[in-house]
Amino acid sequence: MKRRFWELLHCAIPDSFPRVHARLPSGIDSMRQVLGWVARNQHFAVYSFDLFDTVVRRRIDPPELVKELAARHVADILAQSGVRLEADTLLAQRNKSEDALRHLAVAGGRDPQCRLDEVIEHMLKALALEQTVSVKQAVEYEMDLEKAATEPMPGIQEVLEYLCSLGKRAICVSESYLSLGQVKALLEHHRLLQFFDAVYVSSDLGMSKATGNLYRHVLRAEGSSLVHVGDDYVLDARMPRVAGLKSLWFHDRREERRKKRLRRLRAGGDRLKYVNEIVSLHHKHADPLYKVGYELFGPALTVFVHNVAEQARRDGVEALFFVARDGYVMKKIYDQLSVTVYEKHTMPISRYFCLGRIPVRLASLRTFGEREVMEVLRYTKKSGKGATLADALVGYGLLPAHFAATAAACGFDLTAPVDSLGESRLEEFFAGEEFARKVTLESGQARSLLRQYLFDIGFMGRKHVAVVDSNAEGVTQILLDRSFEHDSSYPAVNRYYFNLVNLGPNKIDLNPDT
C-alpha cells in the first residue's frame, strides 16, 4: 500500500522536477525486480539497457576520480621526460578541451558529443605535449582504470541470461564519451558483451540521449517494440518517453547510499577507510581463497608496503623498485596507497624491476673459477655428487656448447661430475685464454644490456633508490651491486625486504653466505 502511494505521487509530479523524483522511493530498485518485471512483460521484442550504473556500476565515487588518476599518470610520464606539469593543470585543460569540443559540435548543428580520444588529443595539443605523450598511451591507461573501477551490477547477468533464454533481443544504449570500441571492450572485460545483440553509443553516433536523437535512432534501427532500462531519471526515464518508447526507471537506493558514504569518506580525508569501503564491496560475496588473501596476506603486505613508504620518505629515496615477481602485488598496493592515503604527500615514484638471478649473475662475472662454480651450484641446488661444470655454466647464463671444445682439450667432458675431474684439469680449464676470453665477452655483453635496462627504467643515474622484495637474502641485489661496483652512475641502494631487513646503501662487500 505504501509503495503504491509513492508510485501515485511519482506519477503526479511533473517530469520537470527530476530532483524531486530522485528523492522519492519509487522506480525499480534492484535487478531482481527488473527480472520480475521482464517475466511479467515478455511481449517486447527488444530490451534496452543503459551502461553505467545499470549494466555496470563504478566501485568508486565520484566517477571523476578516474580522470584525476589518468591526469596523474600523464604527469608521471612527463616527469620522466623532464617536463614538470601538475596533474591539476592537466585535468583543468582536459575539462576545457571537452567543453570546447562539445561547443564545436553544437556550432556545427550536431548534438554536444565528443570522444575520449579527441579530448585527450585536444588537451595534449593545447599544452604542446603531443610529442611527449601519445594519445594511445594515455587513452589505454584510462581504459585500464575504467575496467578496474567498474564491475557488473549485481543481478544484471541473471536478467540478460533470462532474456537470452526467451530469445529476446538485448541492446546497450550509452550516453558516453567512450567510443563504441571502448564500450564493447569494457563489456567484454566484464564478460557481458556476449549477451548484447547491439551497442549504441552517443559519442560514436554524434547523437545524445538529452536531445532524444539517440533514442529516435535506436527506434529506427530496432523498431517500436522496445523498452529501455536506466538509472538517470531524465536521460533514461523521461527522454525515452518523449522519443516515443517505453522506459523503466532503475532507481537503486542502496547504490545511492553507498556512493554517499564514499563521497563522505573522501571529503573527510580518511583515505584508508575510503579504500576499505571499495575493497569490501568485493569481499562480501568472496570465495574462500579470496578471503584468505583479504584477511591474511592482504593486510600483511599492505602494512609492509606502508612501512616501506614511510621508511623511504625518511631515507630520502627518490624511487622504489619492486622486484619481479613478488613485487608485482606490492607495487599495486603502493600505487593504490599513493593516490589515496598519501595523495597529499610527495612520494617516491614506483617502478617494476624485471630482474632474475641468472642474467644478473652473468653480468656480475669478472673471472670464472672454482669459487664461482661452488657458489652457483649451491644456489641452484645442484651441489650434490652429480653436479657438473655444465650445470655451473648454465647457472651463470653461459651455454655449455661454447666451452665444450676447451673442455675436450683438457681431457674431460662438461657433463662429467665436478668432483671426478681432478684439481689439475680444472685449473687448466679455468686458466685457458680462450675460456677467459669467452667469459669476458659474454659477461661484458650481459652487463652492457643490463646497464641499458637500468637506465631505461630510471634506476641508473639517480642518487638514491631502494629495491622492495619478499626475498630474505637479496642475492640478486648483491650480484647487481657487484656488477656495477665501479660505475659512477650506480646509485646508493636501500633494500626493503619483507622480512624487514634493510641492508643499507651499496653494501657490495656482503658475503652471500652471511
Side-chain angles (χ1 to χ4, degrees), residues 73 76-83 132-133 137 305 308-309 311-313 315-332 334-335 338 347-368 372 375-376 379 395-398 439-498 501-510 512:
H73 176 68
D76 286 343
I77 295 174
L78 294 172
Q80 292 174 36
S81 302
V83 179
T132 310
V133 182
Q137 186 180 15
V305 172
V308 163
Q311 187 65 45
R313 286 169 60 189
D315 292 343
V317 167
E318 301 170 59
L320 291 170
F321 292 84
F322 293 83
V323 182
R325 294 175 297 273
D326 306 351
Y328 178 75
V329 171
M330 291 187 279
K331 182 182 183 303
K332 291 185 73 174
Y334 179 80
D335 291 343
S338 294
M347 303 300 296
I349 63 172
S350 70
R351 295 286 182 271
Y352 188 54
F353 212 12
C354 294
L355 285 184
R357 291 184 184 180
I358 290 180
V360 181
R361 270 203 188 96
L362 181 55
S364 72
L365 271 183
R366 304 292 178 176
T367 60
F368 194 101
E372 285 72 26
E375 180 180 306
V376 75
Y379 279 101
Y396 276 99
L398 296 166
V439 168
T440 300
L441 176 64
E442 294 196 30
S443 65
Q445 290 174 340
R447 194 156 46 251
S448 177
L449 287 171
L450 179 58
R451 189 175 190 273
Q452 184 59 54
Y453 168 71
L454 295 177
F455 266 110
D456 289 343
I457 64 171
F459 185 90
M460 293 287 260
R462 295 186 186 275
K463 292 182 179 180
H464 195 175
V465 302
V467 295
V468 186
D469 197 1
S470 64
N471 204 325
E473 298 175 306
V475 174
T476 301
Q477 184 58 47
I478 292 168
L479 293 170
L480 194 65
D481 293 343
R482 188 185 296 170
S483 300
F484 301 103
E485 57 185 316
H486 302 301
D487 194 319
S488 60
S489 299
Y490 193 71
V493 183
N494 280 71
R495 295 82 179 275
Y496 304 133
Y497 297 143
F498 190 58
V501 173
N502 179 4
L503 300 178
N506 281 355
K507 296 293 186 180
I508 57 175
D509 56 341
L510 284 172

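Everything numeric here is computed off the predicted structure, so don't read it as measured data.
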Peer 1: List the residues meeting salt bridge (charged side-chain N to carboxylate O under 4.0 Å, His left out) with D76, not counting sequence neighbours, and say none if there are none.
Peer 2: none
Peer 1: Could you tell me the separation between the OG1 atom of T476 and the CZ atom of R361, rounded to the nearest 0.5 Å?
Peer 2: 7.5 Å
Peer 1: Could you give the distance from CG (N494) to CD (Q477), rounded to the nearest 0.5 Å?
Peer 2: 10.0 Å
Peer 1: In a table with atom names and distances, give each donor-acceptor pair under 3.5 Å that connects a side chain of residues 320-332 to protein atoms at least two apart or in another chain.
Peer 2:
unit_1, atom_1, unit_2, atom_2, d
D326, OD2, S470, OG, 2.3
K331, NZ, D335, OD2, 2.7
K331, NZ, S350, OG, 3.4

Peer 1: Which atom names give the shortest non-hydrogen contact between H464 and G316, and what distance separates them?
Peer 2: ND1-O, 3.8 Å
Peer 1: Please set out all donor-acceptor pairs under 3.5 angstrom arising from side-chain atoms of residues 452-462, sequence neighbours excluded.
Peer 2:
unit_1, atom_1, unit_2, atom_2, d
Q452, NE2, D456, OD1, 2.9
Y453, OH, C354, N, 2.9
R462, NE, G458, O, 2.5

Peer 1: Test your reading of the model: is there a side-chain donor-acceptor pair from E318 to the backbone of K463, 3.5 Å cut-off?
Peer 2: yes
Peer 1: Do any N or O atoms from the side chain of S483 and from the backbone of S364 form a donor-acceptor pair under 3.5 angstrom?
Peer 2: yes
Peer 1: Let me confirm one number: the CD-CZ distance from Q80 to R351, rounded to the nearest 0.5 Å.
Peer 2: 4.0 Å
Peer 1: Could you report the tightest heavy-atom contact between D487 and S489, atom names first, then the distance?
Peer 2: OD1-N, 2.9 Å
Peer 1: Apply side chain to side chain contact (heavy atoms under 4.5 Å, CB included) to the pair D315 and Y496, showing each step before the final yes or no.
Peer 2: CA-CA 11 Å; D315 292 343; Y496 304 133; 2.6 Å; yes
Peer 1: Would you please name every residue forming a side chain to side chain contact (heavy atoms under 4.5 Å, CB included) with Q445, sequence neighbours left out?
Peer 2: L441
Peer 1: Checking R447 now: which residues fulfil salt bridge (charged side-chain N to carboxylate O under 4.0 Å, His left out) with it, not counting sequence neighbours?
Peer 2: none
Peer 1: Can you see which heavy atom on S443 is nearest to which on L365, and at what distance?
Peer 2: OG-O, 3.5 Å
Peer 1: Where do A319 and V317 come nearest, in terms of heavy atoms and distance?
Peer 2: O-CG1, 3.1 Å
Peer 1: Run the side chain to side chain contact (heavy atoms under 4.5 Å, CB included) test against I77 and tell me which residues pass, sequence neighbours left out.
Peer 2: H73, V133, Q137
Peer 1: Hey, are the side chains of V493 and L480 touching, using non-hydrogen atoms and a 4.5 Å cut-off?
Peer 2: no
Peer 1: Let me know which of D469, L450, L479 forms a side chain to side chain contact (heavy atoms under 4.5 Å, CB included) with L355.
Peer 2: L450
Peer 1: With a 4.5 Å cut-off on side-chain heavy atoms, are V308 and Y334 touching?
Peer 2: no
